[in-house]
2 protein chains.
Amino acid sequence: MQFSKSTGYALHTLIHLAQAERGRYVGIKELASKQGLPESYLSKIMSKLRQDGIVRAVTGASGGYELARPGSEITFYDVISVVEGRQQMYECHAANEHQHELFAEADASGCECLVKKVMDGAERQMLDYLKQHTIQGVLDAASFSCSPEHRA
Amino acid sequence: MQFSKSTGYALHTLIHLAQAERGRYVGIKELASKQGLPESYLSKIMSKLRQDGIVRAVTGASGGYELARPGSEITFYDVISVVEGRQQMYECHAANEHQHELFAEADASGCECLVKKVMDGAERQMLDYLKQHTIQGVLDAASFSCSPEHRA
DNA sequence: CCTATTATAGACATAAGATATCCATAATAA
DNA sequence: TTATTATGGATATCTTATGTCTATAATAGG
Ligand code: SF4
Ligand code: SF4
């Protein structure tokens, strides 16, 4: 159970865009080479981010990408839910219904599976945390004294 | 990013064992058929659970499995960390170090990556929640009025 | 209008991991 | 001694992630 590499790519790309001067479009070439990964692959990820309204894209000469809204309004959750998809982390694969005879419980609107309730609850804890952290937040907390060239 | 089916298999199996009368060994045949899955596959999962001290196994006629400790002391975290492995959910795959010039921050013992800090923090939220929920906890919360045969 | 540049989208290829099967062996109860 | 049961390795299959390639559309600038 791991985040895909694509998630890391997306996060780093958005951080890069957040650092770019406002109004400038950053091309896929620059974004990909900075991370040392294939342009064609990253462009697919960017396409998803665009379709989800996280970045804007402009085709043509001197085109490229820019953030669609301030980095302070782009949460880790936003990014991850686009790249990883929105399926839940735990799915019930029960073929027959024999096995869960005892695992459901009364709730306001009826019965629910207690196994899934725990698993979904765990997922929610993680997602809530991710919603509280933004791209800009990471940049703001960065300390110059820790950049590689400054550390001997 | 999803939990593997194996995790579901393991959880259901342990719940089954927790319901079995104490001192009785439950065979792989019963455990597998209840969930409608291949014995050979489930036995590999059980083998991992045994190596991790979550269940005990007895070879030979009338052998099988039993919980190694009370269900109230087996957390969802225990199970998931065995089945899914213990690698962290986010790994940095940076080939060069050029890309993280600004993302580290001073901390008590030095510098750390702020991206990873957020991702690890999110994972921790989830794991802490899973540590607070046990196999027995699910059984205790189950309500008879919700079992299938009782619901019309 | 023409050309170079750049994003887009689909098809395709490859690698990795999850899921499943098979078989030979060891351990135990009866 | 025999039937039963778990164990572990090897292998096969299926799915998903990752990466590549190519054709197309859109735009800036000359
Ligand atoms: S108990 Fe819950 S997770 Fe298990 S089979 Fe029933 S519905 Fe699915
Ligand atoms: S910023 Fe963090 S996650 Fe990104 S490349 Fe540097 S160490 Fe890895």
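Heavy-atom basis, side chains included; hydrogens, waters and symmetry copies ignored. First the proteins, then the strands, lettered A, B, ... as listed; each starts at 1.
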K.L.:
Base of D:dG19, side chain of A:Lys5 - is there a donor-acceptor contact under 3.5 Å?
P.N.:
no
K.L.:
With a 4.5 Å heavy-atom cut-off, do B:Glu39 and B:Leu42 have their side chains touching?
P.N.:
no
K.L.:
May I have the distance from B:Tyr41 (atom OH) to C:dA20 (atom C1'), rounded to whole angstrom?
P.N.:
7 Å
K.L.:
Nearest whole angstrom, please: distance from the C1' of D:dA6 to the CD1 of B:Ile45.
P.N.:
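These atoms are roughly 15 Å apart.
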K.L.:
Have a look at B:Ser47 and say if it touches a base, only the backbone sugar-phosphate, or nothing, with a 4.0 Å heavy-atom cut-off.
P.N.:
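B:Ser47: backbone/sugar contact only, no base atoms under 4.0 Å.
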K.L.:
By the 4.0 Å heavy-atom rule, please label B:Gln2 as base, sugar-phosphate, or nothing.
P.N.:
nothing
K.L.:
For A:Gln35 and D:dT18, give me the distance from atom CD to atom P, rounded to whole Å.
P.N.:
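In whole Å, D:dT18 P lies 13 Å from A:Gln35 CD.
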K.L.:
Rounded to whole angstrom units, what separation is found between the NZ atom of B:Lys48 and the P atom of D:dT7?
P.N.:
14 Å
K.L.:
The test is side chain to side chain donor-acceptor pair (under 3.5 Å); show your working for B:Glu91 and A:Gln2 and say whether it passes.
P.N.:
CA-CA 8 Å; B:Glu91 278 179 26; A:Gln2 275 196 301; 2.9 Å; yes
K.L.:
In whole angstrom, what separates B:Phe3's CZ from D:dT16's P?
P.N.:
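Rounded to whole Å, this separation is 18 Å.
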K.L.:
Does some side-chain heavy atom of B:Met119 sit less than 4.5 Å from a side-chain heavy atom of A:Phe76?
P.N.:
yes
K.L.:
So do B:His16 and B:Gln35 actually touch side chain to side chain, heavy atoms under 4.5 Å?
P.N.:
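SC-SC contact between B:Gln35 and B:His16 ruled out.
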K.L.:
Is A:Ser4 touching bases, backbone alone, or none of the nucleic acid, heavy atoms closer than 4.0 Å?
P.N.:
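Since only primed, P, OP1 and OP2 atoms lie under 4.0 Å of A:Ser4, the category is sugar-phosphate.
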K.L.:
When the nearest nucleotide of DNA chain D is assigned to A:Ser62 and to A:Leu37 on a heavy-atom basis, which residue is associated with the more 5' position?
P.N.:
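Checking each residue's closest nucleotide, the 5'-ward one belongs to A:Leu37.
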K.L.:
Heavy atoms only, 4.0 Å cut-off, all strands: where does B:Tyr65 land among base, sugar-phosphate and nothing?
P.N.:
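Sugar-phosphate, backbone atoms only, no base.
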K.L.:
Looking at every strand, decide which applies to A:Lys29 at a 4.0 Å heavy-atom threshold: base, sugar-phosphate, or nothing.
P.N.:
sugar-phosphate
K.L.:
Quickly, which of A:Thr134, A:Leu31, A:Val138, A:Ile54 forms a side-chain contact (heavy atoms from CB on, under 4.5 Å) with A:Leu14? Name it, please.
P.N.:
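Answer to the side-chain contact (heavy atoms from CB on, under 4.5 Å) test with A:Leu14 among A:Thr134, A:Leu31, A:Val138, A:Ile54: A:Ile54.
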K.L.:
Side chain of B:Ala61 only, heavy atoms from C-beta on: which candidate in C:dG10, D:dA26, C:dT28 is closest?
P.N.:
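Between C:dG10, D:dA26, C:dT28, the one nearest the side chain of B:Ala61 would be C:dT28.
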K.L.:
I need the CE-P distance between B:Met1 and D:dT18, as an integer number of Å.
P.N.:
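Atom CE in B:Met1 sits about 12 Å away from atom P in D:dT18.
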K.L.:
Should A:Gln51 be listed as having a side-chain N or O under 4.0 Å from OP1 or OP2 of C:dA9?
P.N.:
yes
K.L.:
Give A:Tyr9 one of three labels, base, sugar-phosphate or nothing, depending on what nucleic acid heavy atoms sit under 4.0 Å from its own.
P.N.:
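If one applies the 4.0 Å heavy-atom cut-off, A:Tyr9 turns out to touch the sugar-phosphate alone, with no base involved.
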K.L.:
Please tell me which of the listed nucleotides, C:dT21, C:dA7, C:dA9, lies nearest to the side chain of A:Lys44?
P.N.:
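When the side chain of A:Lys44 is considered, C:dA9 is the closest of C:dT21, C:dA7, C:dA9.
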K.L.:
Would you classify B:Glu30 as touching base, sugar-phosphate or nothing, given that sugar-phosphate means primed atoms plus P, OP1 and OP2, and contacts are heavy atoms under 4.0 Å?
P.N.:
nothing
K.L.:
Could you check whether any side-chain N or O of B:Glu84 sits under 3.5 Å from a backbone N or O of B:Phe3, counting only pairs where one atom can act as donor and the other as acceptor?
P.N.:
no
K.L.:
Whole angstroms only, please: what is the CG-P distance between A:Leu17 and C:dA7?
P.N.:
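It works out to 11 Å between those atoms.
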K.L.:
Hey, which of these two, B:Arg50 or A:Ser6, hits DNA chain D nearer its 5' end, going by closest nucleotide?
P.N.:
B:Arg50
K.L.:
Without decimals, in angstroms, what is the distance between B:Met46 CE and D:dT5 P?
P.N.:
15 Å
